[in-house]
Every structure is written in structure tokens, then in C-alpha cells.
Amino acid sequence: MLDEAERRYRAGEILRLIAGDLGVSRQRLAERLRDRGVRLRGEQPSPEQVLEMCRRYEQGESLARVGAKVGFNASTVRTYLLRAGVALRDPHGRER
């Protein structure tokens with residue numbers, strides 16, 4: 001059941017519909033998918049993930065590469081780096 005739910009979610013279906021088909025609550029399904037290591041769309045990074053973003057970026061990785069490693073897009077990484085006070089580089093790797 002969870003394999004099918006995970007497959008459907010990764011294919012783009014929303015939790016509410018999948019949960020309804022399976023006869024469970026959306027919250028319960030979300031919890032089970034998280035337990036399986038599935039990052040849910042729209043979730044914010046944890047404090048540990050933000051620290052990982054900062055560490056990787058400060059070691060020279062690009063926003064896109066950091067995002068790919070941590071599981072978020074480059075725009076989200078940029079937002080959280082700025083919130084953490086990290087100085088961003090220009091597209092050529094130089095500090096601004």
C-alpha cells in the first residue's frame with residue numbers, strides 16, 4: 001500500500017486524493033511517507049538541512065548543486081542562505 005502511495009505521490013498526485021483512495025487521513029499518509037524518507041512538496045527545510053546548505057555553499061558548491069544534494073531547488077537554497085546571513089557569490093563565483 002505504501003509503495004503505491006509513494007509512487008503516486010512522486011508522480012505528482014496530491015496527498016489528499018491518495019489518502020482518500022486508501023481510506024486514511026492526509027496527515028497519517030504524510031507521516032508514513034516521511035518515515036520512508038519521502039520529502040513532501042511544500043515542506044520547509046529543517047534547521048539541520050539549512051546548516052548543511054550553508055556548509056556546502058560556503059565550501060564552494062553552487063546553489064543548484066547544494067539544492068540537489070539537500071533535496072530543494074536552487075531558489076529555495078538561495079532564500080535560506082540569505083536568511084542565514086550567508087554572503088552570496090556572483091554567477092562567476094566571486095563574492096558580491
Margin query: Working to the nearest 0.5 angstrom, can you tell me the gap between Tyr9 OH and Leu40 CG?
Written below: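 The distance works out to 4.5 Å.
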Notebook entry, point to check: When rounded to the nearest 0.5 angstrom, what is the spacing between CD in Glu58 and CZ in Arg89?
Noted result: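 The CZ atom of Arg89 is 9.0 Å from CD of Glu58, to the nearest 0.5 Å.
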Side-chain contact, heavy-atom cut-off 4.5 Å: [X] with [Y]?
| X | Y | result |
| --- | --- | --- |
| Gln49 | Tyr80 | no |
| Arg36 | Asp3 | yes |
| Thr79 | Val77 | no |

Transitive ILVMFWY side-chain link [X] to [Y], under 4.5 Å:
| X | Y | answer |
| --- | --- | --- |
| Val50 | Leu82 | yes |
| Ile14 | Leu33 | no |
| Val70 | Leu88 | yes |
| Leu2 | Val24 | yes |

Notebook entry, point to check: CZ of Arg55: more than 12 outside heavy atoms within 6.0 angstrom?
Noted result: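 Buried by this count: over 12 neighbours within 6.0 Å.
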Checklist line | Neighbour count above 12 (heavy atom, 6.0 Å) for Arg34 CZ | finding: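 It does: Arg34 CZ has more than 12 such atoms within range.
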Check: Quick one: side-chain hydrogen bond (donor to acceptor under 3.5 Å, both in side chains) partners of Arg8, sequence neighbours excluded?
Finding: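 Partners of Arg8 by the side-chain hydrogen bond (donor to acceptor under 3.5 Å, both in side chains) criterion, ordered by chain and then number, come out as Glu13, Asp21.
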Next item on the list: Let me see the working for Leu63 and Leu81 under side-chain contact (heavy atoms from CB on, under 4.5 Å), right down to the final yes or no.
Entry: CA-CA 9 Å; Leu63 294 173; Leu81 290 177; 3.5 Å; yes
Under-4.0 Å salt bridge between [X] and [Y]:
| X | Y | answer |
| --- | --- | --- |
| Arg32 | Glu6 | no |
| Glu52 | Arg56 | yes |
| Glu61 | Lys69 | no |

Notebook entry, point to check: Can you name the residues that form a salt bridge (Lys or Arg N to Asp or Glu O under 4.0 Å) with Arg65, not counting sequence neighbours?
Noted result: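 Listed in chain order: nothing, the list is empty.
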Determine the minimum heavy-atom distance between [X] and [Y], stating which atoms define it.
| X | Y | result |
| --- | --- | --- |
| Val66 | Met53 | CG1-CA, 3.6 Å |
| Phe72 | Arg39 | CE2-NH1, 3.2 Å |
| Ala19 | Leu29 | N-CD2, 3.7 Å |
| Cys54 | Ala84 | SG-CB, 3.7 Å |

